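Predicted model, so just to flag it, every value in this text is computed and none were measured. Convention: sequence-line order gives letters A, B, ...; per-chain numbering from 1. Note: hydrogens, waters and symmetry copies are ignored here, and every other heavy atom, side chains too, is used.
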Amino acid sequence: MKKKLLCLLLIVVMLVGITTACGSKEATDGDATQETTDKGTADEETKGKETDSTDSSGETVNITFYSTQVGMDDKFEAIIDRFEEENPDIKVEYIAAGDNQLQKWMSLYASNEGPTVSLMDPINIWENKDRMLILDPEENPWMDNVFESAYASYIYDGHIYGIPISTQGYGLLYNQRVLDEAVGGKFDPDTIKCRDDLKELFDKIEASGVGATMITGVNWSIGMHYLALTYAGYRENRDVERQVVEESRAGTFDLANDQVFNDLMDTFDMLAEYNYNKADPLVGNIDIDAEAIATGKVGTWFMGDWSWVQLKEVANRDDEFGLIPIPVNNDPNDDRNHRIPASEPKGYCIDISQNTVEQQEAGKKFIEFICFNEYAQQIISDTMGATLPYKDVTVQSDSPLAAATSSYVNQGRTIDISNFILLPSDFWYENGASMEQYLAGAIDRDTLASQIGNYWKNQ
Amino acid sequence: MVKKRANIRLFILFVVPAMFIWITVVLIPFIYGLFITLTDWNGLSADFNFIGLKNYLSVFSDGSFIESLKKTFIYSFSSVIFSNILGLAIALALTGKIKGQNLFRMGFFTPNIIGGIILGYIWNFIFAFALTSFGKSIGWEVLEKSFLTDPNKAMLALIIVTTWQMSGYLMVIYIAGLINVPNDIIEASEIDGAGMWNKIRYVKIPMIRNSIAICVFLTITRTFMAFDINLSLTAGGPYKSTEMISYKIYQTAFSNMKFGLGQAQAVVLFVIVAIVSLLQVTVTRKGDDLA
């Protein structure tokens, strides 16, 4: 009898547990349905989350911040602590992305826990803009503090959907000391005006007994940062680039005979020929490559200013580094040979599909703080070693690479690669594999062009 | 009548909660998953369209999916053979008269309790840096280049690590089977003049055929669904040459944001694994009947 009673009790507890869990969710969804914001275009009703809903009586607003910036978790948490001190009515829960930034984001949305503020790539914001808040500069005067050009990757249909966290540039990163020794004096990156100049420099570096250049054989570097320049940045204007993407999708674009593609690949061939990692080009370890350039084993590296995070761990304090543009032909007067590709690769966006209007407002406050508060700026600038795309920035980054990017930006010598958003989100993964094959010598250029063509056909 | 009512009450008390959990955790998500395969949902968007069976057609017309399936077959076949041979060999050795058997058993079983992700990263380091440094120091060309940057060697690396990880687990099942082989049969075979090899070939192996069937089918299903080692050891590389079916599904759904297509690929994998599992049940039952 006792046993029966115990069983019965356990079953009742279990059933109550199950029904309570399900019941509370339904109640929350029902109660927290909020008025949708009139600025958004989402079809879904805006719903609040269980503990996040609040009213206008000054109660605490709970919001979430999803970050896809690697290696910044404790720094972002420090910024959040300071923000909460200054805004006691807002609580921010930090959510770090795992290895796959989209997977976790999708899981959060699937469980109706869409983050209030997300730090994402422009392509992700663009592909999901129906869920995002349109940020209106007239309603949010603080937005004027962002350089207008920095919004390029975040404007869709004439509306702004994201606030960039940084401006980052890339090209051929160089070790000043190694290049000074190679050229027998002070190396000036402006002396590299065309591909032959670069070849001459490589020969000099190799003659000095160190590796000339280095490619990290990973899909995101050669598949996105290099190959994607075929579609964005190196053509006459953005409309032509759009046309190229449309023709590629339609399967009518002749990539194998395209001038820009072939120019870029000719330079790539040269980089591959002088590659320090030539013996085993696909090892692809950014830490080991950073160590190689910092310790002077190699003179230049196809990479971007973000690699300061790795470099500063191994570089000597007085080492100098800079960026050389990637020349794509032998015309010293070609403007593209004197510019570096630069963009705002990640930006903050606000969800309207699963967050209340109060949460969206709190999200705006948080973005304003993280972008323009001096404490937050100092942390982001120091940790990421990045250039901040804001006016009136008072903090100084210790990164010589960020300084190099800033210098190019200030001289107007950047290549606009904001049309990267035209490329599907798996462009780097699928075509990065083809570029790796090409780098390893497993396929020739025609096969590469045909594989990329097949990729587009399947879109 | 009273007994019948009591039976119904017991059924409600014990079966309904379990059924409820099974329906909510397994059945509904499964049906929902099937529903997603009929849409072009990207996994995040608020909108999606019904596209009928287009995703299934894409699965079979997509050369890369078939390619992944082929690679999975190669990997699975090789891993099943090697891990079972090694597991059985270790089990035979450790049920003999070797001293310190428990220590050895623990040692061989340990790789199985290390998570696949961690295991993958450890071996990634070994293949990419430890072995290459060793190769360079002794001037052995085969080891100078990382196994993980060559398509064939990367697949070999996956098979080596899987064999290393799984053989310890299979060893435990084989040991359980071997210690249940009656001693009198072994002694009788010895009196008949059977040597070590004949004892294994004609006595021990036939007596543990159920263990063999379990181990073989277990390794087939496990290797078919291998994901963690694929992710952490090779990440599908170099240039997608080791992208096996589970990893391919993950990439399709979460990197390419083609959730409907990824789900359709997952359904195909489910069918394959279900067939293998049903085969296992049939074969082991047959084994029981024979015994």
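Of the atoms belonging to N42(B), heavy atoms from both backbone and side chain fall under 4.5 Å from chain A. Proximity to chain B is absent for every atom of N219(A), based on heavy atoms less than 4.5 angstrom apart. Interface remark: L439(A) contributes no atoms to any contact with chain B (heavy atom separation under 4.5 Å). Of the two parts of A279(A), only the backbone, made up of N, CA, C and O, holds a non-hydrogen atom closer than 4.5 Å to a non-hydrogen atom of chain B.
Using a cut-off of 4.0 Å between Lys/Arg side-chain N and Asp/Glu carboxylate O, E436(A) and K240(B) are scored as not salt-bridged.
Distance CD/E430(A) to OG/S64(B): 6.5 Å, rounded to 0.5 Å. We find the OH-CG distance between Y239(B) and N431(A) to be 16.0 Å, quoted to the nearest 0.5 Å.
Counting non-hydrogen atoms of other residues, nucleotides and ligands closer than 6.0 Å to CZ of F129(B) gives a total above 12. For F134(B), the CZ atom sits in a loose shell: 12 or fewer heavy atoms of surrounding residues, nucleotides or ligands are nearer than 6.0 Å. Heavy atoms from other residues, nucleotides or ligands lying under 6.0 Å from NZ of K54(B) number 12 at most. Counted within 6.0 Å of CZ on F82(B), heavy atoms from surrounding residues, nucleotides or ligands total 12 or fewer; the atom is thus considered open.
Contacts of residues 139-153 of chain B with chain A at a heavy-atom distance below 4.5 Å involve K145(B), S146(B), T149(B), listed in sequence order. Near-neighbour residues of residues 245-266 of chain B relative to chain A, defined by a heavy atom under 4.5 Å from a heavy atom of that chain, comprise Y247(B), Y250(B), Q251(B), A253(B), F254(B), S255(B), N256(B), M257(B), K258(B), F259(B).
Note on G432(A), S425(A), A442(A), A440(A): by heavy-atom pairs under 4.5 Å with chain B, the leading option is S425(A).
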